[in-house]
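Bear in mind the structure is a predicted one, so any value in this text is a computation, not a measurement.
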Amino acid sequence: TIIGLEVHAQIKTKSKLFSSASTAYGAEANSQTHFIDAGLPGTLPVLNEKVVKKAIQFGFAIGAEIINDSQFERKNYFYPDLPKGYQISQFQRPIVKNGQLNIHLSNGVEKSIMINRAHIEEDAGKSVHEEFFNQTGIDLNRAGTPLLEIVTEPCISSAEEAIAYLKVLHKLVRFIDLCDGNMQEGSFRCDVNLSVKKQDTKQLGVRTELKNLNSFKFIEKAILFEEQRHRRLLDAGESIIQETRLYNPDKDATYAMRTKESENDYRYFPDPDLLPIEVDQTFLTDCQQTMPELPSEIEKSLRQIETFTD
């Protein structure tokens, strides 16, 4: 089993990524929406500087490379709760690249999980189905909320490793005040890319994506179900379809949502309304000096105190 994880962590700010609208959770539908969040013509994005600072601090926390001239691009696809018809994200030059987090497994083994990138993007709104008969309501309160998407290499080989990594990451983003970590509110959620291959081959199998999982328990169950589904199909001589799937916890099963898009389908291009983010040394120094103590540093200090006491 080969797994790569994409975590969407909502960045803790009072206002959205490109507008002054509030990011507070639980407000009345569509009461926290600015003109640009609603995709009205003639509006221009204004970047929230605090988002950049928190993204850089996350990069420092995972020992990553900080890109001094990252840029925003438009990711084009249709979503009913994304009125602009595109998402402002980062693709070619993300702000953070090549970091890692260490995990400890139940058998005592320590493993490094390689993080390919972490990039800034805006969240979409929310489709509401429960309150309407044969209709869908759109709540744009979440549209434009700043996200940090944290993407691992395909270096995870089991549900245990995936959950161990997610718990370490969840602790880290809360410690450095990047994200409140409230999974039930969707501020820390995960997409799982999973494939199965024969042990004696290097070529990866066809992958499926499990979308929008926001519970450690459900993530583990979804991975276990999906890897067994892959194996059953392959053992029967059938093909895996590259697609996005959702997990149904009531049935403990995944089901197809849509065919998985490729990068070409999104037609990325640089956002003409946003300049590249040029980070100078003064800003980097400020980010580093205002970093809170990391969980690993606190643990190391406590172990040294324990050793001294002994």
Side-chain angles (χ1 to χ4, degrees), residues 1-9 55 57-66 94-119 148-176 178-179 181 183 188-211 213-231 247 254 291-304 306-307:
T1 300
I2 306 295
I3 297 169
L5 299 177
E6 301 172 9
V7 170
H8 293 83
Q57 288 181 329
F58 175 77
F60 286 144
I62 61 170
E65 174 188 356
I66 308 299
I95 195 164
V96 171
K97 289 183 68 176
N98 302 325
Q100 69 177 55
L101 277 179
N102 293 331
I103 62 171
H104 294 86
L105 303 174
S106 59
N107 59 4
V109 172
E110 182 178 11
K111 179 175 180 176
S112 293
I113 303 299
M114 308 310 296
I115 296 174
N116 175 280
R117 58 190 283 140
H119 62 265
L148 191 67
E149 181 172 349
I150 305 158
V151 183
T152 73
E153 297 284 358
C155 59
I156 298 169
S157 57
S158 68
E160 181 192 3
E161 289 183 11
I163 300 304
Y165 162 76
L166 289 171
K167 287 184 176 179
V168 170
L169 179 62
H170 187 255
K171 179 193 290 186
L172 176 63
V173 297
R174 287 183 296 134
F175 257 76
I176 65 174
L178 171 79
C179 173
M183 300 180 76
F188 185 93
R189 55 190 192 268
C190 177
D191 299 341
V192 177
N193 292 285
L194 182 147
S195 65
V196 171
K197 71 177 185 67
K198 292 184 177 180
Q199 288 188 340
D200 57 353
T201 64
K202 292 185 177 180
Q203 183 176 352
L204 297 179
V206 177
R207 66 187 172 95
T208 53
E209 180 185 41
L210 305 175
K211 197 76 174 170
L213 297 161
N214 62 350
S215 152
F216 294 133
K217 178 181 177 181
F218 292 160
I219 293 168
E220 181 178 24
K221 287 192 167 192
I223 289 173
L224 292 173
F225 176 88
E226 190 65 8
E227 67 179 350
Q228 289 303 318
R229 188 184 73 86
H230 277 230
R231 288 173 180 168
Y247 175 70
T254 66
M291 279 276 293
E293 194 172 11
L294 300 178
S296 57
E297 294 170 349
I298 294 172
E299 182 180 357
K300 184 178 179 181
S301 299
L302 291 172
R303 290 188 183 279
Q304 287 175 343
E306 184 182 40
T307 302

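Here the side chains of Q203 and K197 are not in contact, with every heavy-atom distance at 4.5 Å or above. Contact check for S158 versus T1: no side-chain heavy atoms found under the 4.5 Å cut-off. Residues L178 and Q57 form no side-chain contact, since every pair of their non-hydrogen atoms from C-beta on lies 4.5 Å or further apart. Side-chain contact between I115 and V151 is absent, with no heavy atoms from C-beta onward closer than 4.5 Å. The shortest distance between side-chain heavy atoms of Y247 and I223 does not fall below 4.5 Å.
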*Please assess D191 against H8 for the test side chain to side chain contact (heavy atoms under 4.5 Å, CB included), listing each intermediate value before the final yes or no.*
CA-CA 8 Å; D191 299 341; H8 293 83; 3.4 Å; yes

_If you apply the rule side chain to side chain contact (heavy atoms under 4.5 Å, CB included), what do you find for F188 with L169, and how did you get there?_
CA-CA 10 Å; F188 185 93; L169 179 62; 4.2 Å; yes

*Would you sort out whether E160 and I163 count as a side chain to side chain contact (heavy atoms under 4.5 Å, CB included), showing the intermediate values?*
CA-CA 5 Å; E160 181 192 3; I163 300 304; over 6 Å; no

*Begin from the C-alpha positions of I176 and F60 and carry the test side chain to side chain contact (heavy atoms under 4.5 Å, CB included) through to its verdict.*
CA-CA 11 Å; I176 65 174; F60 286 144; over 6 Å; no

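Checking side-chain atoms of N214 against main-chain N and O of M183 turns up a donor-acceptor pair under 3.5 Å. For the pair E161 (side chain) and S157 (backbone), a donor-acceptor distance under 3.5 Å is present. Between the side chain of T152 and the backbone N or O of L5, at least one donor-acceptor pair lies under 3.5 Å.
Atom-to-atom distance recorded for I103:CD1 and E110:CD is 9.0 Å, nearest 0.5 angstrom. Expressed to the nearest 0.5 Å, how far CD of E149 lies from NE2 of H119 amounts to 3.5 Å. The CD1 atom of I95 lies 12.0 Å from the CZ atom of R117; values are rounded to the nearest 0.5 Å. The distance from the CZ atom of R189 to the NZ atom of K211 is 8.5 Å, given to the nearest 0.5 Å. Annotation: the span from E293 atom CD to I298 atom CD1 amounts to 4.5 Å, rounded to 0.5 Å. Here CD of Q100 is found 4.0 Å from OG of S112. Values are rounded to the nearest 0.5 Å.
Shortest non-hydrogen contact noted between F58 and V173 is CE1-CG1, 4.2 Å. When all heavy atoms are compared, the tightest approach of L105 to A164 is CD2-CB, 4.3 Å. Listed here is the closest heavy atom pair of V196 and L194: CG2-CD2, 4.4 Å. Here the closest non-hydrogen pair linking I3 and A159 is CD1-N, 4.5 Å. For the pair A55 and L148, the tightest heavy-atom approach, listed with the atom from each and the gap, is CB-CD1, 3.9 Å. Contact record, I2 with P154: CG2-O, 3.5 Å, taken as the closest heavy-atom pair.
T208 meets the side-chain hydrogen bond (donor to acceptor under 3.5 Å, both in side chains) test with E226, H230; sequence neighbours excluded.
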